[in-house]
Amino acid sequence: MESYLNENFGDVKPKNSSEEALRRWRKLCWLVKNPKRRFRFTANLSKRFEAEAIRRSNQEKFRVAVLVSQAALQFIHGLNLSSEYTVPEEVKAAGFEICADELGSIVEGRDVKKLKIHDGVEACLCGKIKEVGSSKISSDFSSDLPESAVRILLQSIFNNTGGEVVRNKDDKIEILGTPTETALLEFGLSLGGDFQEERLASKVVQVEPFNSLKKRMGVVLLFPDGSFRAHCKGASEIILAACDKVIDSKGEVVPLHEESINYLKNTIENFASEALRTLCLAYMEIGSEYSVESPIPITGYTCIGIVGIKDPVRPGVRESVAICKSAGITVRMVTGDNINTAKAIARECGILTEGIAIEGPEFREKTEEELLDIIPKIQVMARSAPMDKHTLVKHLRTTFEDVVAVTGDGTNDAPALHEADIGLAMAIAGTEVAKESADVIILDDNFSTIVTVAKWGRSVYINIQKFVQFQLTVNIVALIVNFSSACLTGNAPLTAVQLLWVNMIMDTLGALALATEPPNDDLMKRPPVGRKGNFISNVMWRNILGQSLYQFVIIWFLQTRGKVAFHLDEPDSDLVLNTLIFNSFVFCQVFNEISSREMEKVNVFEGILKNYVFVAVLTCTILFQIIIIEYVGTYANTHPLSLKQWFGSVFLGFLGMPIAAALKLIPVGSS
Ligand SMILES: Nc1ncnc2c1ncn2[C@@H]1O[C@H](COP(=O)(O)OP(=O)(O)OP(=O)(O)O)[C@@H](O)[C@H]1O
Ligand SMILES: [Ca+2]
């Protein structure tokens with residue numbers, strides 16, 4: 001086993017990145033992989049597995065997979081003692097260097113990334129409120145504060161974190177972690193703190209990673225003198241409720257009384273209404289009698305301070321929300337943030353207008369009837385737990401029969417992303433778990449891209465509708481003409497070769513011409529189709545039936561009165577008449593193809609020259625039609641036509657265009 005593993009994995013250098021670890025994890029665990037995984041990995045996975053299958057037997061792979069899973073379980077089990085778990089030798093030999101952080105990120109589905117979208121923080125420490133810019137070194141703030149308070153603050157920031165401060169190849173400081181973590185770490189550095197020094201001063205003996213349900217995280221530190229200290233941080237009002245003491249302006253720990261609680265609550269509210277993400281940091285001395293087996297204490301903490309992280313709204317979001325609204329798309333914000341923060345941001349983006357903003361715990365308490373009443377009005381849901389997001393999406397999809405798209409970045413969004421009709425995960429900030437639960441991955445993490453996605457989605461839908469409308473018209477006319485004529489006169493005007501050509505015009509060429517129309521901004525001014533919308537809308541039926549009727553009348557007229565109208569009295573007048581019918585029929589389709597570019601607008605020429613494929617298809621169709629009529633008559637059962645006859649049949653086809661335009665003026669219901 002070991003020699004085998006060395007042979008196969010010896011060349012793979014263990015890389016200390018979670019992406020690499022994840023890759024290995026997948027490779028080894030493919031036997032137990034989620035069958036529901038969507039398209040993202042399917043393309044190259046199958047190839048890779050094929051190649052691998054030659055090199056390795058399933059049994060071996062399974063064995064390693066089990067071992068890695070065991071290591072993971074051991075890790076999860078001993079999460080509180082992350083430093084003490086051991087990695088099986090076989091797993092090490094497989095090049096799977098599992099370090100606590102790495103596995104932690106896989107187990108939790110969080111992936112440490114370089115991110116910086118925040119714009120500094122505002123902090124309330126020892127009763128003082130200060131704004132700290134992200135780039136400005138603000139050591140003057142720390143000199144303002146009592147030394148003991150700064151020490152405990154830095155200890156909290158650098159030890160109780162899911163992020164990391166590292167030096168890169170160029171010896172520059174790089175901060176890794178989620179935006180919230182990087183903002184805090186940066187704040188710590190700007191106060192003059194040293195990450196490595198702080199980490200060496202004590203040992204982290206217990207970790208409770210950030211949990212979206214509890215909205216808090218915590219660690220227990222062991223100091224060289226044998227004493228333990230717990231640190232926790234998280235949603236400000238939740239952590240504040242767990243505190244009974246606070247560090248005052250002199251740096252002393254004093255009990256929290258009503259006045260100081262109100263002051264802190266007001267600070268939280270002020271920060272939140274400025275659209276800042278608020279966090280509360282707290283600590284607790286737990287003496288030396290503490291056993292690392294016991295859970296991290298929940299209450300009895302001393303509040304260190306409140307931090308408000310500025311996370312400015314990206315440019316263009318407000319406009320995108322407005323476009324969504326005009327397109328009949330309701331935008332709702334569902335977040336884990338404080339309700340005031342959420343409201344302030346939602347107002348800034350134009351999401352919150354007359355609707356209601358609700359908190360997760362309140363939403364959870366509602367009965368089914370109450371939910372029916374409030375869900376359509378909800379514009380903001382704050383402090384939501386993962387299952388609240390899921391419940392909302394599920395109700396919108398099932399009870400209200402809406403088509404729901406969800407965007408998300410974190411593991412906590414995975415249930416909602418999975419439940420949604422279209423799950424959109426962020427590529428940069430998103431965790432692997434979110435991405436694997438999603439259908440679409442937004443590469444630039446930008447909300448505006450969602451508008452582009454919607455626009456292209458609508459464009460594809462409408463292009464297919466246009467194509468189907470065009471195709472149905474040709475089919476209906478060809479069928480009725482040949483059938484009725486066969487019944488009444490015993491022979492069909494359109495021969496097999498001609499029908500084959502017509503078939504090509506409508507299938508291959510028609511699809512090419514109509515399905516390549518690029519999206520335009522008007523698409524976002526129409527209402528959405530919805531789950532129950534008919535694919536063939538009333539508008540399409542109107543166009544199809546109107547146009548078919550016209551074409552049928554034309555062909556019927558040619559069949560019965562054609563000889564008189566075109567003065568056909570030569571011996572081969574029957575062949576000429578059939579050619580005339582065929583030519584008029586094809587030109588009816590050519591002009592109908594142009595009319596089909598728009599289903600509702602009368603002007604069908606807008607942007608026609610920009611769609612090169614459309615122009616090329618139309619030109620080719622006409623050229624081939626000329627060749628068929630004039631040069632390959634023997635095969636296609638046609639007779640060369642005179643200029644007058646050509647003009648006549650093209651004119652009859654062209655008449656279809658004003659008819660199509662007039663049809664568009666007939667009002668029909670929406671769908
Ligand atoms: N690393 C962290 N440590 C402690 N608390 C955190 C951390 N990250 C977020 N929080 C707290 O949890 C709240 C966010 O919760 P959660 O992550 O469940 O929401 P979310 O909707 O995924 O938010 P977002 O996607 O905007 O980050 C924040 O308002 C903050 O108070
Ligand atoms: Ca999130």
Side-chain angles (χ1 to χ4, degrees), residues 104-105 108-113 115 117-118 121 156-164 175-185 187-188 207-219 231-242 268 271-272 275-282 296 301 304 306-314 317 332-346 349 359-361 380-390 392 406-417 424-426 428-431 433-435 437-438 445 447:
S105 65
E108 277 175 59
R110 90 187 131 81
D111 203 353
V112 176
K113 294 215 166 68
L115 280 166
I117 45 175
H118 57 87
V121 298
S156 168
I157 291 178
F158 292 133
N159 286 297
N160 185 16
T161 178
E164 217 165 320
I175 308 176
L176 308 176
T178 62
T180 310
E181 296 289 12
T182 49
L184 276 177
L185 289 172
F187 174 54
V207 186
E208 199 185 287
F210 174 67
N211 175 322
S212 174
L213 194 63
K214 294 185 192 158
K215 303 257 181 281
R216 63 193 278 173
M217 71 177 290
V219 290
H231 277 281
C232 81
K233 77 165 193 282
S236 43
E237 63 276 9
I238 295 171
I239 301 297
L240 189 59
I268 295 172
F271 280 3
L276 306 185
R277 155 168 285 198
T278 62
L279 281 159
C280 179
L281 307 179
I296 297 183
Y301 282 88
I304 306 172
I306 310 284
V307 180
I309 299 166
K310 289 186 207 167
D311 192 355
V313 175
R314 283 174 193 249
V317 172
R332 295 186 166 91
M333 182 198 252
V334 185
T335 172
D337 255 331
N338 177 297
I339 187 148
N340 292 321
T341 310
K343 273 182 163 159
I345 296 176
C349 314
E359 281 192 317
V380 172
M381 184 146 90
R383 284 285 179 247
S384 57
M387 286 323 280
D388 298 335
K389 303 184 185 186
H390 178 265
L392 179 70
V406 170
T407 66
D409 57 352
T411 310
N412 55 346
D413 301 319
L417 285 170
L424 302 124
M426 307 287 174
I428 306 167
T431 62
V433 176
K435 288 185 212 168
S437 312
D445 280 19
F447 183 78

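Start at 1 with the first residue, then count along the sequence. Here the structure is a predicted model, which is why all the values come from computation and not from measurement. Just so you know, ligand 1 is whichever comes first in the structure, and atom 1 is the first atom listed for that ligand.
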Enquirer: Give the minimum heavy-atom separation between Ile157 and Leu184, together with the two atoms involved.
Expert: CG2-O, 3.3 Å

Enquirer: Return yes if some donor-acceptor pair links the side-chain N/O of Thr335 with the main-chain N/O of Ala382 below 3.5 Å, else return no.
Expert: no

Enquirer: Test side chain to side chain contact (heavy atoms under 4.5 Å, CB included) on Val307 and Lys233 and set out the steps.
Expert: CA-CA 10 Å; Val307 180; Lys233 77 165 193 282; over 6 Å; no

Enquirer: Could you give the distance from CE (Met381) to CG (Asp388), rounded to the nearest 0.5 Å?
Expert: 4.5 Å

Enquirer: In chain order, what residues pass the side-chain contact (heavy atoms from CB on, under 4.5 Å) check against Asn412, with sequence neighbours excluded?
Expert: Ser212, Pro386, Lys389

Enquirer: Could you pull out the N/O/S protein atoms under 3.0 Å of the Ca ion (ligand 2), ignoring any water?
Expert: Asp409 OD1

Enquirer: Nearest 0.5 Å please: distance from the OG1 atom of Thr178 over to the CG atom of Leu185.
Expert: 9.0 Å

Enquirer: List the protein residues in contact with ligand 1, where contact means a heavy-atom separation under 4.0 angstrom.
Expert: Thr180, Glu181, Phe210, Ser212, Lys215, Met217, Lys233, Gly234, Ala235, Arg277, Thr278, Leu279, Thr335, Gly336, Asp337, Arg383, Lys389, Asp409, Asn412

Enquirer: Using modelled atom types and a 3.5 Å cut-off, is there a donor and acceptor pairing between side-chain atoms of Asp409 and backbone atoms of Ala429?
Expert: no

Enquirer: Would you confirm whether Lys215, through its side chain, and Ser384, through its main-chain N or O, come within 3.5 Å as a donor-acceptor pair?
Expert: yes

Enquirer: What pairs with Arg383 under side-chain hydrogen bond (donor to acceptor under 3.5 Å, both in side chains), at least two apart in sequence or on another chain?
Expert: Glu237

